[in-house]
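Fair warning: this is a prediction, and the values are worked out from it, not measured in the lab.
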Amino acid sequence: MPRSALTGTRIRERRTLKGVKQADLARSVGISPAYLNLIEHNRRRIGGKLLIDLARELGVEPAALSEGAELPLMEGLQEAASTSGLRPQDGKPVSLPETQRAEEFAGRFPGWAALVVAQRNRITALERRVEALNDRLAHDPFLSDSLHEVLSTVTAIRSTAGILNNAGEIDRDWQARFHRNLYEDSQRLADGSQALVSYLDTVGKSEDTLASPLEEVEAWLAARDFSLPELEQGKMPDLSGEGGLRTPAARSLARKWVLRARAEAEKMPQAMVEAIISRHGPDPSALAQAMGVELSAAMRRLASLPASETRPPMGLAICDGSGALTHRKPLDGFAPPRFGAACPLWPLYQALLRPMVPVRRVVEQHSQPPRRYLAYAIAQPQRPESFDAPEVIEATMLFMPLDQLDMEVRDGEVHGIGTSCRVCARIECPARREPSMVLEVPEEG
């Protein structure tokens, strides 16, 4: 926000950079050096003609002196300071960023301030990519099969080369066969390695390489921002047309999702949902009571609404009784892992412990920067298809950024969570399954 109280500091900095003496600048605008000294030390506020004259002599726009740094740059510096992660090491104190002087820094050194913000954004993007790579490297079945194929090909090449090197005289026909095998296996290894590198390079960049039908459906929904306008009119979207799903398995999964979403859209028309949100906010319990539907249906309906500036963005995660995620709509700063196990402290999994009991939590996702979310979750049994059928449980979690909601929360009411143990920096966590790879774990003893 603009702070005219720092105008003098900006004038002093600009004058110093231009190498102009205080007395010379004061004479050029028709004031005394003593008065200019008071201005430069923020003891006198200025504006109007004097500000315009000083800006002209210093070769800048008046706004550069009166308004200071642009708001996006200031916000970037504040976020960079809050996510610096600086901690004392070996008992030595660490100098923390002087956040109260952020505007002065941005005004005096706008280039350096922009560099700090750019590096912070780059670090954030790299951390997101590390999370995606860890998730894929640890659990992606396609990647596991590809690595197995590469290793098998290397073993075949090594065996063939060993035969040619140690077998002495070999019949010409057999020698030709071994050379042909060696060439074909080498070609297969080169193609497989290139495909593997290309596959890994797409992580966090595109959805061109999809490992499973579920992933294909998620990419299809994400391309539509998880909102299907056709459902609001009672129609079915085209699953196989241009930009549609490529495989029959993915189309089958999508059809089940779309049919349920269409039924929920018919029970909860968008206009009525918007009216309830305007009165009660994005509360799934209020929507469920008003429309006479299950809580999980209300959560899915809220998450399927098109983006709007009048309400916060809403993410969704659904898992089965084993804890495996069957649907995920991520938000910036809260991206459920696609393949691996997620954080067991999520309200989604807490709800599995108590089916039919609603769970409401304010959680803080340990990310860069740390962000707080309001999460609603419930686990409900699915309707059995026949008598004596096994009970099937499905848990649903709706979450939205807390900073976009009008509510006060005390720190003691916030529950710390992560994405997955491998990329979570919360060392002191009772639910940790394995050490984190993003922070050094102190050795015991």
Next on the checklist: Whether the side chain of Arg328 engages the backbone of Ile318 through a donor-acceptor N/O pair (distance < 3.5 Å, no angle test) should be reported.
Outcome noted: no
Checklist entry - Counting only heavy atoms not in Arg56, do more than 12 sit closer than 6.0 Å to its CZ atom? => result yes
Item to check | Distance, nearest 0.5 Å, that separates SG of Cys343 from CZ of Arg432 | outcome: 9.0 Å
Checklist entry - Can you check whether Leu287 reaches His280 side chain to side chain, under 4.5 Å on heavy atoms? => result no
Checklist entry - Does Ala190 offer a backbone N or O that forms a donor-acceptor pair with the side chain of Ser193 under 3.5 Å? => result no
Next on the checklist: Applying side-chain hydrogen bond (donor to acceptor under 3.5 Å, both in side chains), can you list everything that pairs with Arg433, at least two apart in sequence or on another chain?
Outcome noted: none
Next on the checklist: Quick check: closest heavy atoms across Leu331 and Gly315, and the distance to 0.1 Å?
Outcome noted: CD1-N, 3.5 Å
Item to check | Interatomic spacing from CD1 in Ile378 to CG in Leu295 - rounded to 0.5 Å | outcome: 4.5 Å
Checklist entry - Judged by atom type as modelled, is there a donor-acceptor pair below 3.5 Å linking the side chain of Lys329 to the main-chain atoms of Ala303? => result yes
Item to check | Beyond-backbone contact of Leu352 with Cys319, side-chain heavy atoms, under 4.5 angstrom | outcome: yes
Checklist entry - Considering only heavy atoms from C-beta outward, does the side chain of Arg300 approach that of Glu264 to under 4.5 Å? => result yes
Checklist entry - Where do Ala254 and Val217 come nearest, in terms of heavy atoms and distance? => result N-CG2, 4.0 Å
Checklist entry - Between Leu50 and Ile39, what is the shortest heavy-atom contact and its length? => result CD2-CD1, 4.0 Å
Item to check | Residues, nucleotides or ligands: over 12 heavy atoms within 6.0 Å of Arg410 CZ | outcome: no
Item to check | Heavy atoms of other groups near Met272 CE, more than 12 under 6.0 Å | outcome: no
Checklist entry - How far apart are the C-alpha atoms of Phe226 and Leu221, what are their side-chain angles, what is the distance that settles it, and do they pass the side-chain contact (heavy atoms from CB on, under 4.5 Å) test? => result CA-CA 5 Å; Phe226 294 88; Leu221 288 171; 3.7 Å; yes
Checklist outcome for this item: Shortest non-hydrogen pair, Val363 vs Val414, comes out as C-CG1, 4.2 Å
Checklist entry - For Leu316 and Met299, which heavy atoms make the closest approach, and how far apart are they? => result CD1-O, 4.1 Å
Next on the checklist: I'd like to know whether CZ of Arg354 has more than 12 heavy-atom contacts from other residues, nucleotides or ligands below 6.0 angstrom.
Outcome noted: no
Next on the checklist: Would the distance check show the side chain of Arg251 and the main-chain N or O of Leu245 forming a donor-acceptor pair, the cut-off being under 3.5 Å?
Outcome noted: yes
Checklist entry - Quick one: does Pro313's side chain get under 4.5 Å of Gln404's, heavy atoms only? => result yes
Checklist entry - Between atom CG of Leu58 and atom CG of Leu25, what is the distance when rounded to the nearest 0.5 Å? => result 5.5 Å
Item to check | Matching residue for Asp24 among Lys21, Arg27, Gln22 - test: side chain to side chain donor-acceptor pair (under 3.5 Å) | outcome: Arg27
Checklist entry - Under 4.5 Å between any side-chain heavy atoms of Arg311 and Met400, yes or no? => result no
Item to check | Criterion side-chain contact (heavy atoms from CB on, under 4.5 Å) on Asp411 and Arg372, from CA distance to verdict | outcome: CA-CA 11 Å; Asp411 289 341; Arg372 292 181 176 182; 3.0 Å; yes
Checklist entry - Excluding sequence neighbours, so at least two apart, what forms side-chain contact (heavy atoms from CB on, under 4.5 Å) with Glu230? => result Leu228, Lys235, Pro237
Next on the checklist: Measuring from atom CG of Asp53 to atom CD1 of Ile31, what distance do you get when rounded to the nearest 0.5 angstrom?
Outcome noted: 9.5 Å
Checklist entry - If we only count heavy atoms from C-beta on, is the Val273 to Leu305 side-chain gap below 4.5 Å? => result yes
Item to check | Validation row: Leu374, Met407 side chains within 4.5 angstrom (heavy atoms) | outcome: yes
Item to check | Evaluation steps, side-chain contact (heavy atoms from CB on, under 4.5 Å), between Leu36 and Val29 | outcome: CA-CA 10 Å; Leu36 180 57; Val29 297; over 6 Å; no
Next on the checklist: Closer than 3.5 angstrom, by distance alone: can the side chain of Arg15 be matched with the main-chain N or O of Val20 as a donor-acceptor pair?
Outcome noted: yes
Checklist entry - How far apart are the C-alpha atoms of Arg262 and Met236, what are their side-chain angles, what is the distance that settles it, and do they pass the side-chain contact (heavy atoms from CB on, under 4.5 Å) test? => result CA-CA 8 Å; Arg262 185 178 67 172; Met236 287 286 290; 3.3 Å; yes
Next on the checklist: Assess, by modelled atom type and distance only, whether the side chains of Ser227 and Asp225 contain a donor and an acceptor separated by less than 3.5 Å.
Outcome noted: no
Item to check | Donor-acceptor contact below 3.5 Å, side chain Glu57 vs main chain Ala26 | outcome: no
Next on the checklist: If the condition is side-chain hydrogen bond (donor to acceptor under 3.5 Å, both in side chains), which residues does Glu408 pass it with, not counting sequence neighbours?
Outcome noted: none
Checklist entry - Does the distance from a Lys or Arg side-chain N to an Asp or Glu carboxylate O, for Glu413 and Arg361, drop under 4.0 Å? => result no
Next on the checklist: Could you report the tightest heavy-atom contact between Pro282 and Tyr376, atom names first, then the distance?
Outcome noted: O-CE1, 4.2 Å
Next on the checklist: Just verifying a value: how many Å separate Glu394 CD and Thr326 OG1, rounded to the nearest 0.5 Å?
Outcome noted: 5.5 Å
Next on the checklist: Quick one about Ser252 and Arg255 (side-chain donor to acceptor, distance below 3.5 Å, no hydrogens or angles considered), yes or no?
Outcome noted: no
Checklist entry - Any ion pair linking Arg301 and Glu232 (charged N to carboxylate O, less than 4.0 Å)? => result yes
Checklist entry - With a 4.5 Å heavy-atom cut-off, do Leu402 and Val362 have their side chains touching? => result yes
Checklist entry - Do Glu216 and Thr247 get their side chains close enough for a donor-acceptor pair, meaning under 3.5 Å? => result yes
Checklist entry - Is the backbone N or O of Glu40 less than 3.5 Å from a side-chain atom of Arg12, with the two atoms forming a donor-acceptor pair by type? => result yes
Item to check | Rounded distance [0.5 Å steps], CG in Leu302 versus CG in Asp283 | outcome: 8.5 Å
Checklist entry - Are Phe334 and Trp346 near enough that their ring centres are under 6.0 Å apart? => result yes
Item to check | Under 3.5 Å donor-acceptor, Arg224 side chain and Trp220 backbone | outcome: yes
